[in-house]
Amino acid sequence: MDAVTVIPAFGNNFIYVCRYAGEGALAVDPCDSSTVLRAISDKKLQLTDVLVTHHHRDHTAGVAELKKMTGCRVIGSDEKRIGGIDLVVGDGDVVPVGDTKIEVIATPGHTGTSVCYYMPTASEDGRGIVWTGDTMFAGGCGRVLECGMEAMWESLSKLAALPEDTLVYCGHDYTEENFEFALSIIPSDPAIQHRLKEVRQVLRQGGYTVPSTIGQEKKTNIFLRVAEPVVKGALHMDDASAVDVFAELRRRKDRF
Ligand SMILES: [Fe+2]
């Protein structure tokens, strides 16, 4: 049985259920309680914790019902805007969960209080997992809504510094569109061309475009490649800083 169950919801959201220590499980950004409860019961798991990356409704809508039905603990960073948080966390906090642990990485940008959760040994083969919410997507990043572009760029840079084999599970499936956008900027990039082909094949077969890895993202996520001459050149920003190139890319993606 895989450690992670991917539950698609609301058209393009991903909810995750992650098994640990035998029967324990945590859910990430459960916008829908019924599908999570079904997954838990099908796999005979016990939901102990819910991780919330940020306050948007399409990440939190199922939290209250899951807490009511299972008594699980709700972990999040923004108690003012997320109802029912039991454990308020911030940057650098480490939360032990069964035989593993969760490290909290503050990633302001999409919202002022967005966090990502890194579990260094959570996958079957002992690799790390990072739950990135709407901060990093496969091939992209979230809209910058409540912070400056610099904050988002710093947040993405923190995620990029995780071990390359870390599995990245993000909050939405915008993967195909993200690579299409990247190729609209640097059309002949072989790594991105290859990823888009792969992703389309996965989608055709009814699969999910998650997880990717931090290593893959560093090679093919154009938002992480803003220091590269090929990206700067394509935007006629050869002498600009990485942050300025990132900001220009993000603005273009908003209109894509
Ligand atoms: Fe969001």
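Everything numeric in this text was worked out from a predicted model, so none of it was measured. Remember, it's 1-based here, ligands and their atoms both numbered in the order they're listed.
Using a distance-only test at 3.5 Å, with no hydrogens or angles considered, no donor-acceptor pair links the side chain of Glu248 to the main chain of Val245.
Taking backbone and side-chain atoms together, Asp134 has an N/O/S atom less than 2.8 Å away from the Fe ion (ligand 1). Among the atoms of His59, no N, O or S atom falls under 2.8 Å of the Fe ion (ligand 1).
With the Fe ion (ligand 1) as vertex, His54 NE2 and His56 ND1 subtend 90°, rounded to 10°.
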Exercise for review: Could you give me the CA-CA distance, side-chain angles and deciding distance for Thr111 and Ser114, then say whether side-chain hydrogen bond (donor to acceptor under 3.5 Å, both in side chains) is met?
Suggested key: CA-CA 5 Å; Thr111 75; Ser114 291; 2.7 Å; yes

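For the pair Lys232 and Ala240, the tightest heavy-atom approach, listed with the atom from each and the gap, is NZ-O, 2.8 Å.
Between His56 and His54, the two ring planes are perpendicular [angle over 60°; tilted spans 30° to 60°].
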